[in-house]
Asker: 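Handing you a structure now.
Since we're looking at a predicted model, the values are computed, not measured. We number each residue from 1, following the sequence as shown.
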Amino acid sequence: MFKPLFDAMNETLDEIMADYPTAEGNYKQLLAEQLEVLKAMSDLCIEEWISFEEKLGIFRRMKDLMDLKANPLFTNEHFIKGQGYFELGMYPEAVQEFETVAEQHPDLVPPHFYLALCHLQIRNYSEAFRYFDQLLPLTEDQRVKAVAYNAMGCIHAVNNEMEKARELFQLAHETDPTLPDPLENMSVCMNADGTPQ
């Protein structure tokens, strides 16, 4: 939607930049006026974008509050206890609480995510892998998916299954390229088994 406008603005600016150094008289004045028009358009775009971002930010905060109120985990005693145990590093106790929540709400991501993290902490890798795998179809959040793929890759790496690990790190990177861990982990895997980078 915006690309044609910015393409046209960039094309006009390129022409002004090419012609201005050798322009004279009325033509130079015309180029200067065109430059001012571009600057005014740019300022207007920025102002409108800032206004949109502010409105979007307000709505997102409102949406988060509405979602929080609608979230059954907000008042779930087992979930709250599980979080407490997790924060205290009492992972087996946290697992018991989160398993209860996962049974009550099998379609919610947080209990599966916490269960995966708890099992990862106590080095119960097969269960951690299972829970990370289970949460993938439950979410559209690319960051959560990427973190899950990355963790599953780490579990394969711990089991010295470097090829599978690299595949999952690559999948994590493709899912969310802003997450730095998968590329770093892939590099470590390649160094570990002698595969050239």
Asker: Could you pull out all residues at least two apart from Phe113 that satisfy ring pair (Phe, Tyr, Trp, His ring centres under 6.0 Å)?
Answerer: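 Phe113 satisfies ring pair (Phe, Tyr, Trp, His ring centres under 6.0 Å) with no residue once adjacent residues are dropped.
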Asker: Tell me if a side-chain donor or acceptor on Asn150 pairs with a main-chain N or O of Ala146 at a distance below 3.5 Å.
Answerer: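 No, the answer is negative, given that no donor and acceptor are paired below the 3.5 Å cut-off.
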Asker: Please report the shortest heavy-atom distance between Phe169 and Pro182, naming the atom on each side.
Answerer: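 Minimum heavy-atom separation between Phe169 and Pro182: O-CB, 3.3 Å.
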Asker: Any chance you could measure Leu31, atom CG, to Leu13, atom CG, to the nearest 0.5 Å?
Answerer: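 Rounded to the nearest 0.5 Å, the CG-CG separation comes to 11.0 Å.
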Asker: Within this structure, what is the CD-OG1 distance for the pair Gln170 and Thr175, rounded to the nearest 0.5 Å?
Answerer: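 Taking CD in Gln170 and OG1 in Thr175, the distance rounds to 9.5 Å.
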Asker: Find out whether Asp181 and Val147 are in side-chain contact, i.e. whether some heavy atom of one side chain is under 4.5 Å from a heavy atom of the other.
Answerer: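 In short, these two side chains do not touch, never coming nearer than 4.5 Å.
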Asker: How long is the straight-line distance from CD of Gln142 back to CG of Leu179, given to the nearest 0.5 Å?
Answerer: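 These two atoms lie 11.5 Å from each other.
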Asker: Nearest 0.5 angstrom please: Met41 CE to Met9 CE, how far?
Answerer: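 So the gap between those two atoms works out to 4.5 Å.
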Asker: Compare every heavy atom of Tyr149 with every heavy atom of Ala172, then report the nearest pair and how far apart it is.
Answerer: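 Between these two residues, the closest heavy atoms are CB-CB, 3.7 Å.
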Asker: After noting the C-alpha distance and the side-chain angles of Arg166 and Glu163, does the key distance pass the salt bridge (charged side-chain N to carboxylate O under 4.0 Å, His left out) rule?
Answerer: CA-CA 5 Å; Arg166 277 196 300 275; Glu163 187 57 38; 2.5 Å; yes
Asker: Tell me, which pairs form a ring pair (Phe, Tyr, Trp, His ring centres under 6.0 Å) where one or both residues lie in residues 10-32, sequence neighbours left out?
Answerer: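 Residue pairs passing ring pair (Phe, Tyr, Trp, His ring centres under 6.0 Å), neighbours aside: none found.
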Asker: Can you tell me if CD on Glu140 sees more than 12 non-hydrogen neighbours from other groups inside 6.0 Å?
Answerer: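 Atom CD in Glu140 is not packed in, count stays at 12 or less.
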Asker: Taking all non-hydrogen atoms of both residues into account, name the closest pair between Ala94 and Gly82 and its distance.
Answerer: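 In terms of heavy atoms, the two residues are closest at CB-O, 3.6 Å.
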Asker: In terms of hydrophobic clusters joined by side-chain contacts under 4.5 Å, are Tyr91 and Ile80 together?
Answerer: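 Unlinked, Tyr91 and Ile80 end up in two clusters.
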Asker: Pair up each side-chain donor or acceptor in residues 128-137 with any protein partner under 3.5 Å, not counting sequence neighbours, and list the distances.
Answerer:
{"residue": "Arg130", "atom": "NE", "partner": "Glu127", "partner atom": "OE1", "Å": "3.4"}
{"residue": "Arg130", "atom": "NE", "partner": "Glu127", "partner atom": "OE2", "Å": "3.1"}
{"residue": "Arg130", "atom": "NH2", "partner": "Glu127", "partner atom": "OE1", "Å": "2.7"}

Asker: Enter the distance from Tyr125:OH to Arg123:CZ here, rounded to the nearest 0.5 Å.
Answerer: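 Interatomic distance, Tyr125 OH to Arg123 CZ, rounded to 0.5 Å: 5.0 Å.
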Asker: What closest approach, in Å, do Pro111 and Phe79 show between heavy atoms, and which atom pair accounts for it?
Answerer: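 What the structure gives for the nearest pair is N-CE1, 4.3 Å.
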Asker: Around atom CG of Asn26, are there more than 12 heavy atoms from other residues, nucleotides or ligands closer than 6.0 Å?
Answerer: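 For Asn26, atom CG is not crowded (no more than 12 foreign heavy atoms under 6.0 Å).
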Asker: Sequence neighbours left out, what pairs pass side-chain hydrogen bond (donor to acceptor under 3.5 Å, both in side chains) with at least one residue falling in residues 107-118?
Answerer: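 Sorted result for residues 107-118: Gln83-Tyr114.
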Asker: So, does Thr12 use its side chain to make a donor-acceptor pair with the main chain of Ala8 at under 3.5 Å?
Answerer: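 Yes; at least one donor-acceptor contact below 3.5 Å.
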Asker: I'd like to check Leu171 versus Met152 (side-chain heavy atoms, cut-off strictly below 4.5 Å). Are they in contact?
Answerer: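 No, their side chains stay 4.5 Å or more apart.
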Asker: To the nearest 0.5 Å, tell me how far Asp19 CG sits from Thr22 OG1.
Answerer: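 Output value for this atom pair is 6.0 Å.
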Asker: Quick test of your reading of the model: are Glu167 and Lys164 salt-bridged, counting only N-O distances below 4.0 Å?
Answerer: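 Lys164 and Glu167: not salt-bridged.
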Asker: List the steps, then state whether side chain to side chain contact (heavy atoms under 4.5 Å, CB included) holds for Ile155 with Leu120.
Answerer: CA-CA 8 Å; Ile155 292 167; Leu120 205 55; 3.8 Å; yes
Asker: Residues sharing Met90's hydrophobic cluster, by side-chain heavy-atom contacts under 4.5 Å among ILVMFWY, directly or via others?
Answerer: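 Other cluster members: Tyr85, Leu88.
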Asker: Considering all heavy atoms of both residues, which atom of Pro106 and which atom of Leu138 are nearest to each other, and what is their separation?
Answerer: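 Closest heavy-atom pair between Pro106 and Leu138: O-CD1, 3.7 Å.
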Asker: Just wondering, do Leu5 and Cys45 contact through their side chains at under 4.5 Å, heavy atoms?
Answerer: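 Yes. Closest side-chain heavy atoms under 4.5 Å.
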Asker: Ser126: which residues meet the side chain to side chain contact (heavy atoms under 4.5 Å, CB included) condition with it, sequence neighbours left out?
Answerer: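 Only Asn124 meet the side chain to side chain contact (heavy atoms under 4.5 Å, CB included) criterion with Ser126.
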Asker: Any non-hydrogen side-chain atom of Thr139 less than 4.5 Å from a side-chain atom of Lys145?
Answerer: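 A side-chain contact exists here, since the closest heavy-atom pair is under 4.5 Å.
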Asker: Val158, Leu117: one ILVMFWY side-chain cluster at the under-4.5 Å cut-off?
Answerer: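 Yes; Leu117 is reachable from Val158 via cluster members.
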Asker: Would the number of heavy atoms belonging to other residues, nucleotides or ligands and lying under 6.0 Å from CD of Glu24 be above 12?
Answerer: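 For Glu24, atom CD is not crowded (no more than 12 foreign heavy atoms under 6.0 Å).
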Asker: Under a 4.5 Å cut-off applied to non-hydrogen side-chain atoms, are Asp43 and Lys39 in contact?
Answerer: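 Yes; the side chains approach each other to less than 4.5 Å.
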Asker: Determine whether a donor-acceptor pair (N or O, by modelled atom type, separation under 3.5 Å) exists between the side chain of Ser187 and the backbone of Leu183.
Answerer: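 A pair under 3.5 Å: no.
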